[in-house]
Each structure stands twice: as C-alpha cells, then as structure tokens.
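Structure first, commentary second.
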Amino acid sequence: MESEDDMHDANDIESLDDDFYSGETEDAPLDYYSDDDADDYFDDAERIESRRPEQNFTILKESDIRLRQEDDVARVATVLSISRVSASLLLRHHNWSVSRVHDTWFADEERVRKAVGLLEKPIVQHPNARELTCGICFENYPRARIEMASCGHPYCISCWEGYISTSINDGPGCLMLRCPDPTCGAAIGQDMINLLVSDEDKQKYARYLLRSYIEDNKKSKWCPAPGCEYAVTFDAGSAGNYDVSCFCSYGFCWNCTEEAHRPVDCGTVAKWILKNSTESENMNWILANSKPCPKCKRPIEKNQGCMHMTCTPPCKFEFCWLCVGAWSDHGERTGGFYACNRYEAAKQEGVYDDTERRREMAKNSLERYTHYYERWASNQSSRQKALADLQQMQTVHIEKLSDIQCQPESQLKFITEAWLQIIECRRVLKWTYAYGFYLPEHEHAKKQFFEYLQGEAESGLERLHQCAEKELQPFLSADDPSREFNDFRTKLAGLTSVTRNYFENLVRALENGLSDVGSNGAAFSKATSSKNAAGSSKGRAGRGKGTFRTSLSSKLNDDSHWYCEHCTYANVKSASTCQMCYQQRR
C-alpha cells in the first residue's frame with residue numbers, strides 16, 4: 001500500500017510531464033512557477049528529506065578513528081582482565097571485532113593465546129642471572145642491556161632495535177611481529193616497540209596500527225578519493241543503496257569502491273570500466289577499418305582513394321585493396337585503380353561474404369560503443385565543469401550576489417542546491433549510458449521505454465542547467481537589486497524540485513529493471529503519446545493520486561491508435577503496418 005507522500009511525489013512527476021517537459025521555449029515568462037509553487041518547493045523538500053532513509057554510513061576523521069580504537073581496546077582489556085597491549089594484539093588478530101574476540105576467548109582461551117602469541121608464563125627463565133648471551137649476535141651483555149619478550153628469549157638492545165626497525169620499514173607486517181627465535185611464537189607488543197626504537201619508527205608503527213583499524217575491519221573503508229584521509233563506516237543491514245558521500249565531496253559505492261553509480265549495478269560498472277580500459281575496441285577498429293597485408297599480415301589502413309596498396313618497408317608488397325590479390329595481376333582489364341572486376345565477381349559467388357560480414361559486424365559494434373561512450377564521457381565532463389562552477393559559486397559569486405541583491409547568503413542557498421542537483425543528475429545521466437549499452441538488443445519495448453525516459457531526463461536537466469548557468473549571469477553583473485530576482489528564485493527552485501523528483505523516479509525505475517514495460521507492454525507508446533497530449537496544455541496538472549507508471553504510461557487511452565504487439569509502438573488507426581518495426585497489424 002503506497003503512502004500518501006509517495007503518491008504525491010509520483011504525481012509531481014505527472015505534473016512534470018505536463019509543464020516541465022511540455023516543450024516551452026527559452027522565452028518562457030518568469031512567472032512560470034507561481035508563488036504557491038515556490039511555497040510547495042520548500043514543503044516538498046522537507047517531505048522528501050523526511051521520506052529518505054536515514055544515513056547508513058558515518059564519516060570518520062583521524063581523531064574519531066583513534067578514539068574508537070582506544071575505546072575498543074579498553075573494552076576488551078576490561079572484560080578479559082588483560083593488559084591494553086594484549087587487548088590490542090587480540091583485536092588486531094580478530095580484525096578489530098570486539099564480539100569475535102569475546103566469543104573465541106571464552107570458547108577456548110588457551111587456543112586463542114597460542115594463536116595470538118600471548119604467553120601466560122615465560123618459556124625460558126633466567127633467575128638471578130647477571131650476564132646473558134644475545135641470541136642474535138651471541139655476545140655476552142649485562143642484564144641491564146638485555147631485553148626479552150614474554151617468552152624470555154634474551155637479545156641485546158642493539159639487535160632488538162635492528163630487528164624491529166627492519167620489520168617496521170618493511171611495512172604493516174610489523175603489526176604481527178613475533179620473537180626472533182624461529183621456534184617461538186611470542187608476540188611483540190607496542191610497549192616493547194615504544195621502548196626500543198626511534199621516534200620515527202614509533203610514529204610509523206602507530207600509523208600502521210591506526211590504518212589497520214580501518215583496513216582490517218569489514219565495516220569500514222578509506223575514502224578512495226586521491227588525497228582524502230577520511231574513513232567511512234557502513235551499516236551493512238541497509239539494503240539497496242550503497243552510495244556514500246564523503247566530507248571531501250567525493251561520492252563512491254561502498255560495495256565496489258568505484259565512483260557512485262546508481263542506477264547501474266556494480267557488475268555492469270566493472271564491465272564498462274574494463275571495456276573502456278582494454279584493447280578490445282582498438283582491435284574492433286583495426287578489424288573494421290584495415291585489412292592484413294597478404295604477404296606479411298600486418299594490418300593496413302586505406303588512406304587514399306586508389307585501390308593500389310603498397311605495404312610499408314621492409315615488406316613493400318603491392319596488392320589490391322578490394323580482392324587483396326597481387327597488384328601485378330591487375331590493370332585496366334580488371335577495373336583499373338578504382339574498381340576490381342575480380343572482387344565483384346568473387347563477391348557475387350559468395351567468396352568474401354564471411355570476411356565482409358565480420359568486418360561489418362565489427363564496424364557496427366564499434367559505432368554502437370562509440371555512441372554510448374561519447375555521451376558517457378560528455379556527461380562526465382559536464383559534471384566536472386559543474387563541480388568547478390559550484391566551487392566558484394560558493395567562494396565568489398554567492399557573496400557578490402548577496403551584496404548586489406541586499407540579501408543574506410542564507411537566502412541564496414537555493415542556488416547552491418540547484419548546482420548540487422545538477423552535479424548529481426549529471427552523474428546519474430552519465431551512468432544511464434552504461435545501462436543502455438548493456439540493455440539486451442532483443443528487448444525492443446524496454447529499450448524504447450528506456451530511451452524515452454533518458455531523453456526526458458536530459459531535457460529537464462538541460463533546462464535546469466541553463467537556468468542556473470545562463471539566467472543567473474544578469475543578476476551577477478547588475479549594479480542594483482533587481483525585482484526580477486525573486487521570480488528567478490521561484491523558477492530555479494521549482495526546476496530544482498521537479499528535476500530532483502524525476503531523477504529519483506528514474507533511478508528507481510532503472511533499478512527495478514524497467515518493470516513498467518514488463519507489466520504493461522504499451523508503456524513507451526502511451527508515455528510518448530502522453531507527452532504529445534501534454535504539449536497542448538500549459539497548466540500544471542492536478543495533484544491526484546498515482547504512481548510513476550501511471551504518470552508515464554496511462555495518461556492516454558483513446559481509440560485513435562493501435563499498439564504493435566511486437567514493439568508496442570502507437571500507430572494511427574489507418575496504418576496497416578507498424579511504422580516502427582514494420583510488422584503487419586494483427
């Protein structure tokens with residue numbers, strides 16, 4: 001059962017179809033949104049915030065990490081009645097899970113002590129010894145210059161320093177340091193390290209220990225943004241949404257640590273990134289645009305109009321581009337420089353069918369990939385530009401605009417919100433192209449419905465981007481306050497609201513696998529017909545109850561069209577053949 005708020009939100013999308021995407025010109029009047037709409041924007045924003053799930057992640061600074069780590073060590077030390085050093089070793093061994101430490105310790109304390117290297121009593125004892133022999137350099141030293149771990153194996157301070165310092169400089173493996181005796185498994189704790197090594201090595205060890213609290217803990221990760229030192233803890237119980245937004249403004253997916261990519265799943269993102277980074281498309285290009293030399297087999301691209309090809313040195317073999325035969329067998333009798341009778345005759349006999357088919361398939365595949373990649377990359381560039389524009393807006397333009405319009409900066413937050421929405425929508429729109437690339441070709445109705453939704457999203461986002469970027473400029477260059485600024489506020493706030501709502505519904509629709517098409521084959525054709533019908537009405541639709549599906553696919557239901565059973569295209573009644581897929585009407 002849908003809540004009233006959800007129905008209200010869905011009908012915002014319905015009204016979006018009627019006026020936001022109704023095809024109005026750039027010269028739309030500034031009273032495009034009424035004062036009531038501006039009030040609705042702030043009310044809707046509050047309702048949207050209240051409906052969104054609670055934040056399922058926590059951003060941690062270094063001080064927060066250290067505090068949590070010390071708190072966990074103190075809890076384990078108190079419950080198990082052991083030293084803080086021993087508690088730290090136990091937690092490190094159990095990936096900083098307090099519950100696992102308690103469970104394993106109370107299940108079999110002896111086994112845990114042995115695994116971690118926490119000995120209850122020394123293996124070797126030296127009662128009343130004034131001199132001891134170092135087990136590494138085999139020199140005799142006074143008792144004051146000998147140090148021992150819990151096992152009792154004696155080593156001089158100089159050998160200890162070298163052993164521990166080398167281990168620390170080798171990397172985080174020093175956190176599992178054991179006694180130098182190869183037969184001993186006694187752990188070396190932070191107390192001995194702080195006692196024996198230099199301040200620089202102490203800092204390195206402390207840094208490794210701090211980082212291990214994040215890196216070894218399944219519930220926490222470092223932010224993957226370059227140079228960022230924040231960590232993130234995530235509530236794994238929150239289903240569906242893995243998006244995390246760090247204090248550094250970088251958004252990423254908790255599950256795969258790639259850039260945040262809703263509505264595309266992690267598997268699709270991995271395939272898309274791999275495709276963009278591998279040589280597969282280079283090979284497709286070579287196959288589609290070159291032919292191998294008949295002699296040396298190196299690929300050759302035809303860069304002039306003549307069919308007479310000469311391979312590069314040292315091969316220098318001359319051949320015909322069309323039939324790939326030796327040029328010595330060619331001349332005027334075979335068609336000259338710009339044709340080849342042999343090729344035409346062989347093609348009619350089917351000799352080149354397979355080769356040409358493979359070349360044509362490679363060319364089509366390359367063109368299709370290029371189509372999606374260019375638009376993916378274009379939205380990425382637009383997003384980067386929007387980030388830079390937001391930075392400039394926050395650091396320069398907001399203060400300037402506040403002075404010109406004589407308004408406090410707190411009342412100009414609607415501009416920042418618009419730019420943040422543009423940045424988020426660019427990210428979503430970018431990943432819809434990866435979604436579209438892997439959408440199965442045989443699902444024609446779903447593909448058409450997806451392209452319709454994507455086109456509507458692009459149209460709305462461009463309108464918002466245009467308003468935030470271009471229509472703001474006159475107010476920034478003005479000398480005095482402008483009466484039109486309040487109208488601009490109303491328009492930009494309204495565009496931000498409806499664009500946010502549309503994109504939220506778009507994300508849900510794509511994450512649900514475009515179930516509208518699965519349950520209603522005519523979703524695309526009805527939606528497009530709905531859009532055309534909406535173009536005749538400028539007014540905002542009433543706020544009834546409905547869902548995203550009804551707003552896009554159930555607005556038009558007349559007797560002037562028939563829907564193709566193959567592709568669901570809406571054809572006029574007089575047509576006997578589908579104008580989209582050319583299937584006969586049944």
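Residue numbers start at 1 and run along the sequence shown.
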For this session: Go through Glu462 and Arg426 one step at a time and tell me if the salt bridge (charged side-chain N to carboxylate O under 4.0 Å, His left out) criterion holds.
Result: CA-CA 10 Å; Glu462 288 303 327; Arg426 285 291 176 198; 2.8 Å; yes
Exercise. Is the closest basic N to carboxylate O distance between Asp389 and Lys385 below 4.0 Å?
Worked result: yes
For this session: Supply the atom-to-atom distance Ile273 CD1 to Thr268 OG1, rounded to the nearest 0.5 angstrom.
Result: 11.0 Å
For this session: Taking only Lys NZ, Arg NE, NH1 and NH2, and the carboxylate oxygens of Asp or Glu, determine whether Glu417 and Lys413 approach each other closer than 4.0 Å.
Result: no
For this session: Take Val112 and Glu109 through the side-chain contact (heavy atoms from CB on, under 4.5 Å) test and state the conclusion after the steps.
Result: CA-CA 5 Å; Val112 173; Glu109 179 183 338; 5.8 Å; no
Exercise. What's the verdict on side-chain contact (heavy atoms from CB on, under 4.5 Å) for Cys467 and Phe488, showing C-alpha distance, side-chain angles and the deciding distance?
Worked result: CA-CA 9 Å; Cys467 183; Phe488 169 76; 3.8 Å; yes
For this session: Supply the atom-to-atom distance Arg463 CZ to Leu495 CG, rounded to the nearest 0.5 angstrom.
Result: 7.0 Å
Problem set entry | Donor-acceptor under 3.5 Å (Arg262 side chain, Cys253 main chain) | no
Exercise. Is the shortest side-chain N to carboxylate O distance from Arg75 to Asp72 below 4.0 Å?
Worked result: yes
Exercise. Tyr213 versus Ser220: any side-chain heavy-atom pair under 4.5 Å?
Worked result: no
For this session: Show your working on side-chain contact (heavy atoms from CB on, under 4.5 Å) between Leu387 and Gln391 and close with a plain yes or no.
Result: CA-CA 6 Å; Leu387 281 166; Gln391 180 70 18; over 6 Å; no
For this session: Report yes or no: does Arg375 contribute a side-chain atom to a donor-acceptor pair with the main-chain N or O of His371 at less than 3.5 Å?
Result: yes
Exercise. Under 3.5 Å, is there a donor-acceptor pair between the side chain of Arg368 and the main chain of Phe437?
Worked result: yes
Exercise. Could you walk me through whether Gln407 and Arg489 pass the side-chain hydrogen bond (donor to acceptor under 3.5 Å, both in side chains) check?
Worked result: CA-CA 12 Å; Gln407 295 188 15; Arg489 178 204 306 275; 2.5 Å; yes
Problem set entry | Heavy-atom side-chain contact between Lys61 and Tyr230 under 4.5 Å | yes
Exercise. Just by distance, do the side chain of Gln473 and the backbone of Glu469 share a donor-acceptor pair under 3.5 Å?
Worked result: yes
Exercise. Which heavy atom in Tyr438 sits nearest to a heavy atom in Lys275, and how many Å separate them?
Worked result: OH-CD, 3.9 Å
For this session: Taking only Lys NZ, Arg NE, NH1 and NH2, and the carboxylate oxygens of Asp or Glu, determine whether Lys430 and Glu259 approach each other closer than 4.0 Å.
Result: yes
For this session: Over all heavy atoms of both residues, which pair between Ala260 and Arg427 is shortest? Give the atoms and the distance, please.
Result: O-NH1, 3.0 Å
Exercise. Does some side-chain heavy atom of Trp105 sit less than 4.5 Å from a side-chain heavy atom of Val79?
Worked result: no
For this session: Report the distance from atom CZ of Phe252 to atom OG of Ser245, rounding to the nearest 0.5 Å.
Result: 9.0 Å
Exercise. What closest approach, in Å, do Ala231 and Ile65 show between heavy atoms, and which atom pair accounts for it?
Worked result: CB-CD1, 3.8 Å
Exercise. Are Tyr369 and Asn276 linked by a side-chain donor-acceptor pair shorter than 3.5 Å?
Worked result: yes
For this session: Start with the C-alpha gap between Cys174 and Tyr208, add the side-chain angles, then the distance that decides, and say whether side-chain contact (heavy atoms from CB on, under 4.5 Å) holds.
Result: CA-CA 8 Å; Cys174 63; Tyr208 289 142; 3.5 Å; yes
For this session: Count the heavy atoms of every other residue, nucleotide or ligand shown that sit under 6.0 Å from CD of Gln394, and state whether that count exceeds 12.
Result: yes
Exercise. Within 45° of the six-membered ring axis of Trp96 and under 6.0 Å from that ring's centre, is NZ or CZ of Arg68 located there?
Worked result: no
Exercise. Minimum heavy-atom separation for Thr499 to Gly460, with atom names?
Worked result: OG1-O, 4.0 Å
Exercise. Would a distance-only check, ignoring hydrogens and angles, find a side-chain to backbone donor-acceptor pair under 3.5 Å from Asn505 to Tyr502?
Worked result: no
For this session: May I ask you to test the Lys221-Val232 pair for a side-chain heavy-atom distance under 4.5 Å?
Result: no
Exercise. Under 3.5 Å, side chain of His465 to main-chain N/O of Leu461, donor-acceptor pair present?
Worked result: no
Problem set entry | Trace of the salt bridge (charged side-chain N to carboxylate O under 4.0 Å, His left out) decision for Arg207 with Glu62 | CA-CA 10 Å; Arg207 190 70 183 167; Glu62 182 175 325; 3.0 Å; yes
Exercise. Could you give the distance from CD1 (Ile415) to CG (Leu401), rounded to the nearest 0.5 Å?
Worked result: 5.0 Å
Problem set entry | Minimal non-hydrogen separation, Leu210 against Gln69, with atom names | CD1-OE1, 3.7 Å
Exercise. For Asp265 and Tyr242, what are the C-alpha separation, side-chain angles and deciding distance, and is it a side-chain hydrogen bond (donor to acceptor under 3.5 Å, both in side chains)?
Worked result: CA-CA 10 Å; Asp265 61 74; Tyr242 290 101; over 6 Å; no
Problem set entry | Under 3.5 Å: donor-acceptor pair, side chain of Lys446, backbone of Gly513 | yes
Exercise. So do His102 and Val76 actually touch side chain to side chain, heavy atoms under 4.5 Å?
Worked result: yes
Problem set entry | With Trp376, the ring-ring contact (aromatic ring centres under 6.0 Å, His included) member among Tyr433, Tyr435, Trp431 | Trp431
Exercise. Between the main-chain N or O of Leu492 and the side-chain N or O of Thr496, is there a donor-acceptor pair closer than 3.5 Å?
Worked result: yes
Problem set entry | Considering all heavy atoms, the nearest Ile423-Leu390 contact | CD1-CD2, 3.6 Å
Seminar exercise, completed: So NZ of Lys204 and CD of Glu200: to nearest 0.5 Å the spacing works out to 5.0 Å
For this session: For the residue pair Leu453 and Thr432, establish whether any side-chain heavy-atom pair is separated by less than 4.5 Å.
Result: no
For this session: State, yes or no, whether a side-chain contact exists between Ile422 and Trp419 at a heavy-atom distance under 4.5 Å.
Result: yes
For this session: Please answer whether the main-chain N or O of Gly494 pairs with a side-chain N or O of Ser497 as donor and acceptor at a distance below 3.5 Å.
Result: no
For this session: Salt-bridge test for Glu511 and Arg508: reply yes if a basic N is under 4.0 Å from a carboxylate O, no otherwise.
Result: no
For this session: Look up atom CG in Asp216 and atom CG in Leu91, then write down how far apart they are to the nearest 0.5 Å.
Result: 11.0 Å
Problem set entry | Ile193 side chain reached by Ile168 side chain, heavy atoms, under 4.5 Å | yes
Exercise. Is atom CD of Glu399 surrounded by more than 12 heavy atoms (other residues, nucleotides or ligands) closer than 6.0 Å?
Worked result: no
For this session: Indicate yes or no for a side-chain donor-acceptor contact from Thr78 to the backbone of Ala74 under 3.5 Å, with no hydrogens or angles considered.
Result: yes
